[in-house]
Amino acid sequence: MSNKKPIVAILYDFDSTLSKSDMQNFGFIPSLGMTPSEFWEQTTIFSKETGCERTLSYLYTMLKLAKEKGISMTKDYLYQMGKPIEFFPGVLSWFSRINEYGREQGVQVEHYLVSSGNKEIVEGSQIAHEFKQIYGCEYYFDEKTGEVVWPKLVINYTQKTQYFFRIAKGAYDATDDESVNAKAPKKRIPYSNMIYIGDGMTDIPSMIIVKNNGGKSIAVYPQGKEEKVQSLYEDGRVNYVCAANYREGSRMDKIVKLIIKSVALQTQLEINENRNPFQD
């Protein structure tokens with residue numbers, strides 16, 4: 001019998017889930033001399049006028065406005081735009097605390113980011129090193145100039161759902177369609193050991209996929225604005241709703257620890273059921 005620890009995978013959205021608002025609002029948009037409302041309005045107008053999908057629209061608008069402002073949009077520039085990102089209370093210490101609790105319970109906790117935001121910006125943030133894998137929209141950069149040429153990978157709201165299956169199978173390469181679609185005799189991480197944390201309507205497909213496959217979905221909201229996600233719970237789309245407060249002792253902290261403990265207990269029950277009765 002395997003003595004490997006059970007794994008709990010926590011999948012996170014980023015914008016308004018871990019960070020206090022959209023990641024571009026903290027560094028990138030101010031560098032354009034614009035307000036977030038002005039930038040996102042231009043993105044919306046472009047999408048409506050052209051019929052361009054909304055995620056592609058913001059990626060295009062970023063590139064267009066940077067060029068107009070004379071900004072060289074390189075990977076390093078976008079990386080620097082991740083440094084000013086502000087996070088909800090407790091986020092910066094969350095990962096180490098949850099990892100330690102998992103170890104105490106005999107469980108390995110892994111963190112994954114699945115975002116429609118810019119991977120290059122996330123990689124410059126204070127928490128980038130906490131994730132086993134970061135999935136986000138990526139640009140292709142010219143090999144000579146280092147500047148953005150074209151979107152390399154786009155993740156919109158429904159495309160997020162594929163990463164639930166990739167992570168379960170350990171098929172991490174986003175360009176590997178064979179492995180994620182192949183029938184696997186055993187998943188690296190059972191669906192029931194997966195948690196999805198997101199902030200609302202744009203995360204609904206992922207929340208439903210996780211919940212319907214036996215995992216747990218948690219909808220978060222800014223303190224005092226629970227009406228943003230209450231309907232998700234009432235409609236049975238998520239298992240829990242709680243404020244975006246990741247401090248020790250918070251509702252989020254208690255819920256995730258409860259899920260981790262339940263995985264540990266379930267694993268122990270399965271071991272006991274399969275134990276040879278003639279063994280000591």
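In what follows, residues are counted from 1 in the order of the sequence shown.
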* Steps toward side chain to side chain contact (heavy atoms under 4.5 Å, CB included) verdict (Tyr101, Val109) -> CA-CA 9 Å; Tyr101 182 79; Val109 180; over 6 Å; no
* What's the verdict on side chain to side chain contact (heavy atoms under 4.5 Å, CB included) for Ile121 and Phe26, showing C-alpha distance, side-chain angles and the deciding distance? -> CA-CA 10 Å; Ile121 292 179; Phe26 299 95; over 6 Å; no
* Carefully, step by step, assess Phe87 and Tyr246 under the rule side chain to side chain contact (heavy atoms under 4.5 Å, CB included). => CA-CA 10 Å; Phe87 296 95; Tyr246 295 80; over 6 Å; no
* Check against side chain to side chain contact (heavy atoms under 4.5 Å, CB included), Ser31 and Ile71 -> CA-CA 9 Å; Ser31 78; Ile71 295 172; 4.0 Å; yes
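Criterion: ILVMFWY side-chain heavy atoms under 4.5 Å apart, direct or through other members. Under it, Tyr196 and Val91 are not part of a common hydrophobic cluster. Hydrophobic clustering (ILVMFWY, side-chain heavy atoms < 4.5 Å, transitive): Leu113 and Val256 are in one cluster. By the criterion of side-chain heavy atoms lying less than 4.5 angstrom apart, applied directly or through intervening Ile, Leu, Val, Met, Phe, Trp or Tyr residues, Ile204 is grouped together with Phe165 in one hydrophobic cluster. Hydrophobic clustering (side-chain heavy atoms under 4.5 Å, transitive across Ile, Leu, Val, Met, Phe, Trp, Tyr) keeps Ile197 apart from Tyr157. Grouping the Ile, Leu, Val, Met, Phe, Trp and Tyr side chains by contacts below 4.5 angstrom, directly or via other members, places Tyr240 apart from Met207.
With rounding to the nearest 0.5 angstrom, the CZ atom of Arg54 is 10.0 Å from the OG1 atom of Thr61. A distance of 12.0 Å separates CG in Leu11 from CD1 in Ile209, rounded to the nearest 0.5 Å. Rounding to the nearest 0.5 Å gives a distance of 11.0 Å between CG of Asn193 and CD of Glu110. Rounding to the nearest 0.5 Å gives a distance of 10.5 Å between CD1 of Ile155 and OG1 of Thr161. The line from NZ of Lys152 to CD of Glu120 is 7.5 Å long, rounded to the nearest 0.5 Å. One finds the NZ atom of Lys187 at 10.5 Å from the CE atom of Met194 (value rounded to the nearest 0.5 Å).
Residues Gly102 and Ile260 share a closest heavy-atom pair of CA-CG2, 4.1 Å. Considering all non-hydrogen atoms of both residues, Met23 and Asp15 come closest at N-OD1, 2.9 Å. Contact detail for Glu123 and Tyr79: the closest heavy-atom pair is O-CE1, 2.9 Å. Residues Val154 and Gln159 approach most closely at O-OE1, 3.0 Å, considering heavy atoms. Shortest non-hydrogen contact noted between Met73 and Ala66 is SD-CB, 3.9 Å. What you find for Cys52 and Ser57 is that their closest heavy atoms are O-OG, 3.2 Å.
A heavy-atom distance below 4.5 Å is not found between the side chains of Val229 and Asp199. Using a 4.5 Å cut-off on side-chain heavy atoms (C-beta onward), Lys75 and Leu78 make no contact. Put simply, the side chain of Lys20 does not reach to within 4.5 Å of the side chain of Asn25, judged on heavy atoms. At a threshold of 4.5 Å between non-hydrogen side-chain atoms, the residues Phe14 and Ile85 count as touching. A heavy-atom distance below 4.5 Å is not found between the side chains of His111 and Ile127. Between Ile98 and Asp253, the closest side-chain pair of non-hydrogen atoms falls below 4.5 Å. Side-chain contact check for Val114 versus Ser206: every heavy-atom pair is 4.5 Å or farther apart. In this structure, Glu38 and Glu41 have side chains that are not in contact, with every pair of non-hydrogen atoms separated by 4.5 Å or more.
Atom NZ of Lys211 is surrounded by more than 12 heavy atoms from other residues, nucleotides or ligands within 6.0 Å. Around atom NZ of Lys261, no more than 12 heavy atoms belonging to other residues, nucleotides or ligands sit under 6.0 Å away. Within a 6.0 Å sphere centred on CD of Glu143, other residues, nucleotides and ligands contribute 12 heavy atoms or fewer.
Between the side chains of Thr74 and Ser72, no donor-acceptor pair of N or O atoms lies under 3.5 Å. Under 3.5 Å, the side chains of Ser116 and Tyr58 contain no donor-acceptor pair of N or O atoms. In this structure, a donor-acceptor pair under 3.5 Å is present between the side chains of Asn118 and Gln24.
A donor-acceptor pair under 3.5 Å is formed between the side chain of Arg251 and the backbone N or O of Val241. Between the side chain of Ser47 and the backbone N or O of Thr43, no donor-acceptor pair lies under 3.5 Å. Judged by distance alone, with hydrogens and angles left aside, the side-chain atoms of Arg166 form a donor-acceptor pair with the main-chain N or O of Asp173 at under 3.5 Å.
With respect to Arg97 and Glu100, no salt bridge is recorded, no charged nitrogen being found less than 4.0 Å from a carboxylate O.
Taking the ring centroids of Tyr135 and Tyr172, they lie at or beyond the 6.0 Å cut-off. Between Phe95 and Tyr12, the distance from one ring center to the other falls under 6.0 angstrom. In this structure, Tyr191 has its ring center closer than 6.0 angstrom to the ring center of Phe164. Aromatic pair Tyr112/Tyr163: centroids not less than 6.0 angstrom apart.
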